[in-house]
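In what follows, a structure is listed as C-alpha coordinates, so that the remarks can point back to it.
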Amino acid sequence: MENEFQFDIERYITKEKFDKIKEFSKDKETPFLVVDLEKVEEKYDELLNSLPFAKIYYAVKANPLEQVIRMLVRKGSNFDIASVYELDHVLAMGASPEKISYGNTIKKSKAIAYAYSRGVRMFATDSEGDLRKIAENAPGSRVFFRILTDGSGADWPLSRKFGAHPDTIYKLILLAAELGLEPYGISFHVGSQQRDIGQWDNAISICKYLFDSAKSNGIKLKMLNLGGGFPATYISPTHETSVYATEIIRFLKEDFGETLPEIILEPGRFMAGDAGVLVSEVILVSKKSEVNQYSWVYLDAGKFGGLIETLDEAIKYPIYSEKTGPSQETILAGPTCDSMDILYETEKYALPASLEEGDRLYIFTTGAYTQTYSSVCFNGFPPLQAYVLE
Ligand SMILES: *Cc1c(COP(=O)(O)O)cnc(C)c1O
(Lines give C-alpha, C1' and ligand atoms only; values in the text may rest on other atoms or scores of the structure.)
Protein backbone atom coordinates (compact mmCIF):
# COMPACT_ATOMS: atom_id res chain seq x y z
CA MET A 1 0.00 0.00 0.00
CA GLU A 2 1.43 3.34 -0.96
CA ASN A 3 0.75 6.80 0.41
CA GLU A 4 -2.40 8.71 -0.28
CA PHE A 5 -2.32 10.84 -3.44
CA GLN A 6 -1.22 14.26 -2.20
CA PHE A 7 -1.23 17.46 -4.19
CA ASP A 8 -0.99 20.98 -2.89
CA ILE A 9 -3.26 22.53 -5.50
CA GLU A 10 -3.28 25.96 -3.83
CA ARG A 11 0.39 26.37 -4.70
CA TYR A 12 -0.63 26.65 -8.35
CA ILE A 13 -4.19 27.94 -8.47
CA THR A 14 -6.87 29.16 -6.08
CA LYS A 15 -9.70 26.74 -5.40
CA GLU A 16 -12.12 29.33 -6.72
CA LYS A 17 -10.28 29.71 -10.02
CA PHE A 18 -9.92 25.97 -10.41
CA ASP A 19 -13.67 25.49 -9.95
CA LYS A 20 -14.31 28.19 -12.52
CA ILE A 21 -12.00 26.52 -15.05
CA LYS A 22 -13.60 23.14 -14.35
CA GLU A 23 -17.08 24.50 -14.86
CA PHE A 24 -16.00 26.27 -18.05
CA SER A 25 -14.42 23.11 -19.45
CA LYS A 26 -16.81 20.40 -18.40
CA ASP A 27 -18.51 19.86 -21.76
CA LYS A 28 -15.46 20.50 -23.93
CA GLU A 29 -13.53 17.81 -25.72
CA THR A 30 -9.99 17.41 -24.39
CA PRO A 31 -7.15 18.24 -24.80
CA PHE A 32 -7.28 22.02 -24.54
CA LEU A 33 -5.65 24.90 -22.76
CA VAL A 34 -7.53 27.40 -20.64
CA VAL A 35 -5.76 30.72 -20.14
CA ASP A 36 -6.81 32.90 -17.22
CA LEU A 37 -6.41 36.45 -18.46
CA GLU A 38 -6.64 37.95 -14.96
CA LYS A 39 -3.62 35.93 -13.93
CA VAL A 40 -1.48 37.30 -16.76
CA GLU A 41 -2.50 40.80 -15.72
CA GLU A 42 -1.68 40.03 -12.10
CA LYS A 43 1.80 38.78 -13.05
CA TYR A 44 2.45 41.90 -15.15
CA ASP A 45 1.49 44.08 -12.17
CA GLU A 46 3.55 41.97 -9.79
CA LEU A 47 6.71 42.40 -11.85
CA LEU A 48 6.19 46.09 -12.45
CA ASN A 49 5.48 46.70 -8.74
CA SER A 50 8.67 44.85 -7.80
CA LEU A 51 10.85 46.71 -10.31
CA PRO A 52 8.91 49.95 -10.88
CA PHE A 53 11.73 51.73 -12.73
CA ALA A 54 11.85 49.02 -15.43
CA LYS A 55 10.06 48.91 -18.77
CA ILE A 56 8.40 45.62 -19.60
CA TYR A 57 8.78 44.21 -23.11
CA TYR A 58 6.57 41.13 -23.10
CA ALA A 59 8.19 38.25 -25.01
CA VAL A 60 5.30 37.59 -27.38
CA LYS A 61 6.40 34.06 -28.24
CA ALA A 62 5.49 32.77 -24.77
CA ASN A 63 1.79 33.25 -25.43
CA PRO A 64 0.58 35.41 -28.32
CA LEU A 65 -3.18 34.89 -27.85
CA GLU A 66 -5.14 37.88 -29.04
CA GLN A 67 -6.79 38.60 -25.68
CA VAL A 68 -3.42 38.47 -23.90
CA ILE A 69 -1.81 40.95 -26.31
CA ARG A 70 -4.82 43.29 -26.29
CA MET A 71 -4.87 43.36 -22.48
CA LEU A 72 -1.15 44.17 -22.38
CA VAL A 73 -1.55 46.92 -25.00
CA ARG A 74 -4.24 48.43 -22.79
CA LYS A 75 -1.92 48.30 -19.77
CA GLY A 76 0.86 50.10 -21.64
CA SER A 77 3.23 47.17 -22.03
CA ASN A 78 5.97 47.09 -24.63
CA PHE A 79 6.63 44.03 -26.78
CA ASP A 80 9.63 41.92 -27.72
CA ILE A 81 9.04 40.29 -31.09
CA ALA A 82 11.07 37.72 -33.00
CA SER A 83 9.62 37.75 -36.52
CA VAL A 84 7.61 39.81 -38.99
CA TYR A 85 4.65 37.58 -38.19
CA GLU A 86 4.73 38.47 -34.51
CA LEU A 87 5.21 42.08 -35.56
CA ASP A 88 2.08 42.09 -37.74
CA HIS A 89 0.19 40.32 -34.97
CA VAL A 90 0.98 42.82 -32.20
CA LEU A 91 0.42 45.78 -34.53
CA ALA A 92 -2.98 44.34 -35.44
CA MET A 93 -3.75 44.09 -31.71
CA GLY A 94 -3.15 47.83 -31.38
CA ALA A 95 0.48 48.02 -30.21
CA SER A 96 2.32 51.06 -31.51
CA PRO A 97 5.69 50.56 -33.22
CA GLU A 98 7.60 52.71 -30.70
CA LYS A 99 6.72 50.08 -28.13
CA ILE A 100 8.15 47.21 -30.12
CA SER A 101 11.66 45.83 -29.99
CA TYR A 102 12.89 43.38 -32.62
CA GLY A 103 14.74 41.10 -30.21
CA ASN A 104 15.79 38.27 -32.49
CA THR A 105 19.43 38.47 -33.56
CA ILE A 106 18.73 36.21 -36.54
CA LYS A 107 16.77 37.99 -39.26
CA LYS A 108 16.62 38.37 -43.00
CA SER A 109 17.34 41.75 -44.59
CA LYS A 110 13.79 41.69 -45.91
CA ALA A 111 12.42 41.25 -42.39
CA ILE A 112 14.46 44.18 -41.08
CA ALA A 113 13.33 46.41 -43.96
CA TYR A 114 9.71 45.42 -43.35
CA ALA A 115 9.92 46.11 -39.60
CA TYR A 116 11.49 49.50 -40.37
CA SER A 117 8.70 50.30 -42.83
CA ARG A 118 6.15 49.54 -40.10
CA GLY A 119 7.91 51.95 -37.73
CA VAL A 120 10.14 49.70 -35.61
CA ARG A 121 13.32 51.52 -34.57
CA MET A 122 14.92 49.21 -32.04
CA PHE A 123 16.79 46.02 -32.94
CA ALA A 124 18.90 43.45 -31.10
CA THR A 125 22.13 42.24 -32.64
CA ASP A 126 25.12 40.02 -31.84
CA SER A 127 27.08 39.77 -35.09
CA GLU A 128 28.68 41.92 -37.77
CA GLY A 129 26.56 40.37 -40.54
CA ASP A 130 23.32 41.20 -38.78
CA LEU A 131 24.53 44.68 -37.79
CA ARG A 132 25.36 45.54 -41.39
CA LYS A 133 21.92 44.35 -42.48
CA ILE A 134 20.32 46.61 -39.85
CA ALA A 135 22.43 49.60 -40.94
CA GLU A 136 21.35 49.11 -44.53
CA ASN A 137 17.67 48.32 -44.00
CA ALA A 138 16.84 50.28 -40.86
CA PRO A 139 19.15 53.32 -41.08
CA GLY A 140 19.67 55.34 -37.92
CA SER A 141 17.87 52.84 -35.69
CA ARG A 142 18.73 52.04 -32.11
CA VAL A 143 20.63 48.81 -31.69
CA PHE A 144 21.36 46.87 -28.54
CA PHE A 145 23.98 44.18 -28.28
CA ARG A 146 23.41 40.79 -26.78
CA ILE A 147 26.17 39.22 -24.73
CA LEU A 148 26.65 35.49 -24.40
CA THR A 149 25.65 33.80 -21.14
CA ASP A 150 26.06 30.12 -20.38
CA GLY A 151 22.52 29.48 -19.14
CA SER A 152 23.64 27.51 -16.11
CA GLY A 153 21.04 27.34 -13.35
CA ALA A 154 18.21 27.54 -15.89
CA ASP A 155 15.71 24.74 -16.44
CA TRP A 156 15.35 25.74 -20.10
CA PRO A 157 18.74 27.26 -21.06
CA LEU A 158 19.07 29.38 -24.20
CA SER A 159 22.84 29.21 -24.20
CA ARG A 160 25.25 29.16 -27.16
CA LYS A 161 22.87 30.11 -29.94
CA PHE A 162 22.51 33.78 -29.00
CA GLY A 163 24.87 36.47 -27.91
CA ALA A 164 28.57 37.11 -28.44
CA HIS A 165 31.67 37.44 -26.31
CA PRO A 166 32.20 40.91 -24.77
CA ASP A 167 35.28 41.59 -26.94
CA THR A 168 33.23 40.97 -30.07
CA ILE A 169 30.40 43.10 -28.72
CA TYR A 170 32.82 45.93 -28.02
CA LYS A 171 33.89 45.96 -31.68
CA LEU A 172 30.25 45.84 -32.80
CA ILE A 173 29.44 48.89 -30.67
CA LEU A 174 32.14 50.91 -32.44
CA LEU A 175 31.09 49.60 -35.83
CA ALA A 176 27.44 50.47 -35.19
CA ALA A 177 28.39 54.10 -34.59
CA GLU A 178 30.47 54.13 -37.80
CA LEU A 179 27.52 52.72 -39.73
CA GLY A 180 25.27 55.55 -38.57
CA LEU A 181 23.22 53.50 -36.12
CA GLU A 182 22.61 54.50 -32.50
CA PRO A 183 24.44 52.09 -30.16
CA TYR A 184 21.77 52.11 -27.50
CA GLY A 185 22.39 49.41 -24.91
CA ILE A 186 23.41 45.91 -23.89
CA SER A 187 21.19 42.87 -23.38
CA PHE A 188 21.45 39.32 -22.15
CA HIS A 189 19.22 36.38 -21.31
CA VAL A 190 20.31 34.26 -18.36
CA GLY A 191 18.27 31.26 -19.56
CA SER A 192 14.59 30.57 -19.15
CA GLN A 193 13.16 29.46 -15.79
CA GLN A 194 16.36 30.68 -14.15
CA ARG A 195 16.44 29.60 -10.53
CA ASP A 196 19.90 30.97 -9.72
CA ILE A 197 19.51 34.73 -9.24
CA GLY A 198 23.32 35.12 -9.13
CA GLN A 199 23.35 34.66 -12.92
CA TRP A 200 22.06 38.23 -13.28
CA ASP A 201 24.99 39.46 -11.17
CA ASN A 202 27.60 38.02 -13.56
CA ALA A 203 25.85 39.34 -16.63
CA ILE A 204 25.26 42.84 -15.19
CA SER A 205 28.98 43.11 -14.38
CA ILE A 206 29.91 42.36 -17.98
CA CYS A 207 27.41 44.99 -19.13
CA LYS A 208 29.00 47.54 -16.84
CA TYR A 209 32.40 46.77 -18.31
CA LEU A 210 31.00 47.34 -21.81
CA PHE A 211 29.28 50.60 -20.78
CA ASP A 212 32.66 51.84 -19.51
CA SER A 213 34.60 50.67 -22.56
CA ALA A 214 32.13 52.34 -24.89
CA LYS A 215 32.26 55.54 -22.85
CA SER A 216 36.04 55.74 -23.13
CA ASN A 217 35.45 55.80 -26.90
CA GLY A 218 32.94 58.59 -26.65
CA ILE A 219 29.87 56.39 -26.96
CA LYS A 220 27.28 56.73 -24.24
CA LEU A 221 25.13 53.63 -23.93
CA LYS A 222 21.77 54.32 -22.33
CA MET A 223 19.95 51.04 -21.84
CA LEU A 224 20.40 47.75 -20.05
CA ASN A 225 18.14 44.88 -21.05
CA LEU A 226 17.96 42.20 -18.35
CA GLY A 227 16.06 39.76 -20.60
CA GLY A 228 13.70 37.05 -19.46
CA GLY A 229 14.37 34.09 -17.19
CA PHE A 230 11.93 35.01 -14.42
CA PRO A 231 10.22 31.84 -13.29
CA ALA A 232 6.76 30.34 -13.47
CA THR A 233 5.52 28.00 -10.73
CA TYR A 234 6.42 24.45 -11.70
CA ILE A 235 7.22 21.59 -9.31
CA SER A 236 10.84 22.63 -8.61
CA PRO A 237 10.75 25.54 -6.17
CA THR A 238 11.96 29.05 -7.00
CA HIS A 239 12.35 32.26 -5.03
CA GLU A 240 9.54 34.79 -4.76
CA THR A 241 9.48 37.62 -7.29
CA SER A 242 10.35 40.08 -4.52
CA VAL A 243 13.61 38.19 -3.88
CA TYR A 244 14.52 38.37 -7.57
CA ALA A 245 13.77 42.08 -7.51
CA THR A 246 15.72 42.86 -4.33
CA GLU A 247 18.76 40.96 -5.53
CA ILE A 248 18.70 42.42 -9.04
CA ILE A 249 18.40 45.95 -7.64
CA ARG A 250 21.39 45.24 -5.41
CA PHE A 251 23.46 43.96 -8.38
CA LEU A 252 22.51 47.01 -10.46
CA LYS A 253 23.47 49.46 -7.72
CA GLU A 254 26.77 47.66 -7.06
CA ASP A 255 27.79 48.19 -10.67
CA PHE A 256 25.96 51.31 -11.80
CA GLY A 257 25.50 53.28 -8.55
CA GLU A 258 22.40 55.40 -7.98
CA THR A 259 21.89 56.65 -11.53
CA LEU A 260 20.81 53.59 -13.43
CA PRO A 261 20.53 53.42 -17.19
CA GLU A 262 17.10 52.73 -18.69
CA ILE A 263 16.22 49.20 -17.56
CA ILE A 264 14.28 46.79 -19.77
CA LEU A 265 12.81 43.40 -18.85
CA GLU A 266 11.58 40.81 -21.35
CA PRO A 267 9.46 38.37 -19.36
CA GLY A 268 7.65 35.60 -21.21
CA ARG A 269 7.28 32.50 -19.07
CA PHE A 270 6.81 34.52 -15.86
CA MET A 271 3.84 36.40 -17.30
CA ALA A 272 1.95 33.62 -19.02
CA GLY A 273 3.05 30.34 -17.44
CA ASP A 274 0.96 30.37 -14.26
CA ALA A 275 -2.13 31.47 -16.18
CA GLY A 276 -2.61 28.22 -18.11
CA VAL A 277 -4.31 24.93 -17.26
CA LEU A 278 -4.09 22.18 -19.86
CA VAL A 279 -7.03 19.86 -19.51
CA SER A 280 -6.26 16.34 -20.64
CA GLU A 281 -7.84 12.91 -20.51
CA VAL A 282 -6.39 9.48 -19.77
CA ILE A 283 -6.58 7.32 -22.90
CA LEU A 284 -5.06 4.18 -21.44
CA VAL A 285 -3.46 2.77 -18.31
CA SER A 286 -1.24 -0.26 -18.83
CA LYS A 287 1.58 -2.36 -17.42
CA LYS A 288 4.43 -3.66 -19.53
CA SER A 289 4.66 -6.90 -17.55
CA GLU A 290 3.13 -8.59 -14.54
CA VAL A 291 6.14 -7.83 -12.39
CA ASN A 292 6.80 -4.27 -13.52
CA GLN A 293 6.04 -1.93 -10.66
CA TYR A 294 5.23 1.11 -12.80
CA SER A 295 2.05 1.80 -14.71
CA TRP A 296 2.13 3.61 -18.01
CA VAL A 297 -0.49 6.32 -18.27
CA TYR A 298 -1.14 7.58 -21.80
CA LEU A 299 -2.74 11.01 -22.11
CA ASP A 300 -4.38 12.76 -25.03
CA ALA A 301 -1.78 15.56 -24.65
CA GLY A 302 1.90 14.96 -25.35
CA LYS A 303 5.15 16.36 -26.68
CA PHE A 304 3.59 17.24 -30.05
CA GLY A 305 0.44 18.68 -28.51
CA GLY A 306 2.05 21.50 -26.56
CA LEU A 307 4.25 19.78 -23.99
CA ILE A 308 7.56 19.89 -25.87
CA GLU A 309 9.31 21.47 -22.89
CA THR A 310 9.19 18.05 -21.25
CA LEU A 311 12.20 17.28 -23.53
CA ASP A 312 14.83 15.77 -21.23
CA GLU A 313 12.17 16.28 -18.55
CA ALA A 314 13.44 19.87 -18.31
CA ILE A 315 10.16 21.45 -17.26
CA LYS A 316 8.22 19.49 -14.66
CA TYR A 317 4.60 20.49 -14.86
CA PRO A 318 2.37 19.97 -11.82
CA ILE A 319 -0.26 17.35 -12.74
CA TYR A 320 -3.46 16.98 -10.79
CA SER A 321 -6.24 14.42 -10.62
CA GLU A 322 -9.40 14.87 -8.58
CA LYS A 323 -9.36 11.24 -7.58
CA THR A 324 -8.18 10.41 -4.09
CA GLY A 325 -6.98 7.25 -2.38
CA PRO A 326 -3.64 5.43 -2.57
CA SER A 327 -1.14 6.73 -5.07
CA GLN A 328 1.13 4.92 -7.47
CA GLU A 329 4.25 5.89 -9.37
CA THR A 330 3.56 6.25 -13.07
CA ILE A 331 5.30 6.86 -16.36
CA LEU A 332 3.42 9.46 -18.39
CA ALA A 333 3.27 9.46 -22.18
CA GLY A 334 1.42 11.22 -24.99
CA PRO A 335 -0.91 9.84 -27.65
CA THR A 336 1.21 9.86 -30.83
CA CYS A 337 3.09 7.06 -32.58
CA ASP A 338 6.49 8.64 -31.97
CA SER A 339 8.42 6.87 -29.22
CA MET A 340 9.89 10.24 -28.22
CA ASP A 341 6.38 11.17 -27.08
CA ILE A 342 7.01 10.26 -23.45
CA LEU A 343 6.51 13.06 -20.95
CA TYR A 344 8.10 11.72 -17.77
CA GLU A 345 9.88 8.41 -17.35
CA THR A 346 12.85 9.18 -15.10
CA GLU A 347 10.73 11.34 -12.86
CA LYS A 348 7.92 9.09 -11.65
CA TYR A 349 4.78 11.10 -11.08
CA ALA A 350 2.66 9.96 -8.14
CA LEU A 351 -0.95 9.73 -9.29
CA PRO A 352 -4.00 8.00 -7.83
CA ALA A 353 -3.78 4.23 -8.25
CA SER A 354 -7.45 4.24 -9.21
CA LEU A 355 -6.81 6.40 -12.29
CA GLU A 356 -8.58 4.97 -15.33
CA GLU A 357 -9.51 5.65 -18.91
CA GLY A 358 -11.62 8.74 -19.36
CA ASP A 359 -10.40 10.46 -16.17
CA ARG A 360 -9.28 14.03 -16.57
CA LEU A 361 -5.83 15.23 -15.61
CA TYR A 362 -5.19 18.93 -15.07
CA ILE A 363 -1.71 20.08 -16.09
CA PHE A 364 -0.97 23.37 -14.36
CA THR A 365 1.41 26.19 -15.30
CA THR A 366 0.95 25.54 -19.02
CA GLY A 367 0.22 29.12 -20.10
CA ALA A 368 3.66 29.68 -21.67
CA TYR A 369 5.38 27.85 -24.52
CA THR A 370 2.64 25.27 -25.06
CA GLN A 371 0.02 26.18 -27.64
CA THR A 372 2.46 27.78 -30.08
CA TYR A 373 4.81 24.83 -29.78
CA SER A 374 2.16 22.25 -30.65
CA SER A 375 2.58 20.58 -34.04
CA VAL A 376 0.22 21.28 -36.91
CA CYS A 377 -1.14 17.80 -37.45
CA PHE A 378 1.29 15.05 -36.48
CA ASN A 379 -0.60 11.74 -36.67
CA GLY A 380 -3.57 13.89 -37.62
CA PHE A 381 -3.94 15.31 -34.12
CA PRO A 382 -4.95 18.97 -34.42
CA PRO A 383 -2.88 21.71 -32.75
CA LEU A 384 -3.72 22.41 -29.12
CA GLN A 385 -6.97 24.32 -28.77
CA ALA A 386 -6.89 27.31 -26.42
CA TYR A 387 -9.69 29.17 -24.64
CA VAL A 388 -9.31 32.40 -22.73
CA LEU A 389 -11.14 32.92 -19.50
CA GLU A 390 -11.86 36.66 -19.36
C1 LIG B 1 12.32 33.93 -25.22
C2 LIG B 1 12.90 35.25 -24.92
C3 LIG B 1 12.51 35.93 -23.78
C4 LIG B 1 11.55 35.38 -22.76
O5 LIG B 1 12.20 34.51 -21.91
P6 LIG B 1 11.46 33.90 -20.64
O7 LIG B 1 12.50 33.09 -19.97
O8 LIG B 1 10.29 33.14 -21.12
O9 LIG B 1 11.03 35.04 -19.79
C10 LIG B 1 13.03 37.19 -23.59
N11 LIG B 1 13.91 37.74 -24.45
C12 LIG B 1 14.32 37.10 -25.56
C13 LIG B 1 15.26 37.78 -26.47
C14 LIG B 1 13.83 35.83 -25.83
O15 LIG B 1 14.25 35.20 -26.92
Side-chain angles (χ1 to χ4, degrees), residues 40 43-44 46-48 50-51 54-65 68-69 72 77-83 85-87 90 99-107 115 120 122-127 130 143-164 169 184-197 199-200 203 207 223-234 236 238-239 241 244-245 248 263-276 308-309 314-315 317 365-373:
V40 184
K43 296 300 283 186
Y44 176 87
E46 181 183 334
L47 194 60
L48 206 53
S50 311
L51 292 158
K55 275 194 191 168
I56 293 184
Y57 281 70
Y58 173 60
V60 172
K61 71 177 186 290
N63 186 327
L65 286 174
V68 170
I69 304 298
L72 291 171
S77 181
N78 304 277
F79 298 92
D80 169 54
I81 56 117
S83 69
Y85 311 103
E86 282 185 352
L87 171 61
V90 299
K99 296 208 155 206
I100 295 171
S101 156
Y102 201 138
N104 193 345
T105 56
I106 301 160
K107 41 200 176 301
V120 176
M122 188 152 83
F123 297 83
T125 195
D126 63 3
S127 69
D130 182 60
V143 281
F144 60 95
F145 305 87
R146 181 157 169 183
I147 57 168
L148 195 61
T149 60
D150 67 10
S152 57
D155 288 344
W156 193 258
L158 305 162
S159 53
R160 302 204 317 281
K161 182 168 173 183
F162 300 104
I169 295 295
Y184 191 60
I186 310 287
S187 77
F188 58 81
H189 195 304
V190 290
S192 201
Q193 190 68 11
Q194 178 55 264
R195 293 189 281 135
D196 172 12
I197 308 177
Q199 296 297 321
W200 273 273
C207 293
M223 180 276 275
L224 179 53
N225 179 335
L226 308 180
F230 303 95
T233 316
Y234 302 109
S236 310
T238 58
H239 291 287
T241 308
Y244 278 78
I248 286 172
I263 302 292
I264 281 180
L265 309 173
E266 295 174 336
R269 189 182 300 281
F270 174 89
M271 298 246 297
D274 290 5
I308 194 71
E309 289 195 322
I315 296 294
Y317 294 104
T365 322
T366 40
Y369 304 118
T370 51
Q371 196 207 14
T372 44
Y373 265 149

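Counting starts at 1 for both ligands and their atoms, in listed order. What you see below is based on every heavy atom in this structure, not just the backbone, and it leaves out hydrogens, waters and symmetry mates. Not measured: the values here are computed from a predicted model.
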Strictly distance-based, threshold 3.5 Å: is any side-chain N or O of Thr365 a donor or acceptor partner for the main-chain N or O of Thr233? yes
Are any side-chain N or O atoms of Tyr58 and backbone N or O atoms of Asn63, one a donor and one an acceptor, separated by less than 3.5 Å? yes
Can you tell me how far the [atom1] atom of [X] sits from the [atom2] atom of [Y], to the nearest 0.5 Å?
| X | Y | atom1 | atom2 | value |
| --- | --- | --- | --- | --- |
| Ser187 | Ile264 | OG | CD1 | 9.0 Å |
| Gln193 | Thr238 | CD | OG1 | 6.0 Å |
| Asp126 | Asn104 | CG | CG | 9.0 Å |

Can Pro267 be said to touch ligand 1, with heavy atoms closer than 4.0 Å? yes
At a 4.0 Å cut-off, with the gap strictly under it, does some heavy atom of Gln194 reach an atom of ligand 1? no
Could you tell me the residue and atom name of the protein heavy atom closest to [atom], and the distance to it rounded to 0.1 Å?
| atom | value |
| --- | --- |
| atom 8 (O) of ligand 1 | Tyr369 OH, 2.6 Å |
| atom 7 (O) of ligand 1 | Ser192 OG, 2.5 Å |
| atom 5 (O) of ligand 1 | His189 NE2, 2.8 Å |

Provide the number and element of each atom of ligand 1 under 4.0 Å from a heavy atom of [X].
| X | answer |
| --- | --- |
| Arg269 | 6 (P), 8 (O), 9 (O) |
| Arg146 | 13 (C) |
| Ala59 | 3 (C), 4 (C), 10 (C) |
| Asp80 | 11 (N), 12 (C), 13 (C) |

Counting only nitrogen or oxygen atoms and a 3.5 angstrom limit, does Gly268 reach ligand 1? yes
Please say whether Gly229 places an N or O atom under 3.5 Å from an N or O atom belonging to ligand 1. yes
Would you check, one step at a time, whether the test side chain to side chain donor-acceptor pair (under 3.5 Å) holds for Asp130 with Thr105? CA-CA 7 Å; Asp130 182 60; Thr105 56; over 6 Å; no
Would you call Tyr57 and Lys99 a side-chain contact if the rule is heavy atoms closer than 4.5 Å? no
Checking heavy-atom distances from atom 14 (C) of ligand 1 to each of Gln193, Lys61, Glu266, the winner is Lys61
Member of Ile69, Val90, Leu72, Leu48 meeting the side-chain contact (heavy atoms from CB on, under 4.5 Å) criterion with Ser77: Leu72
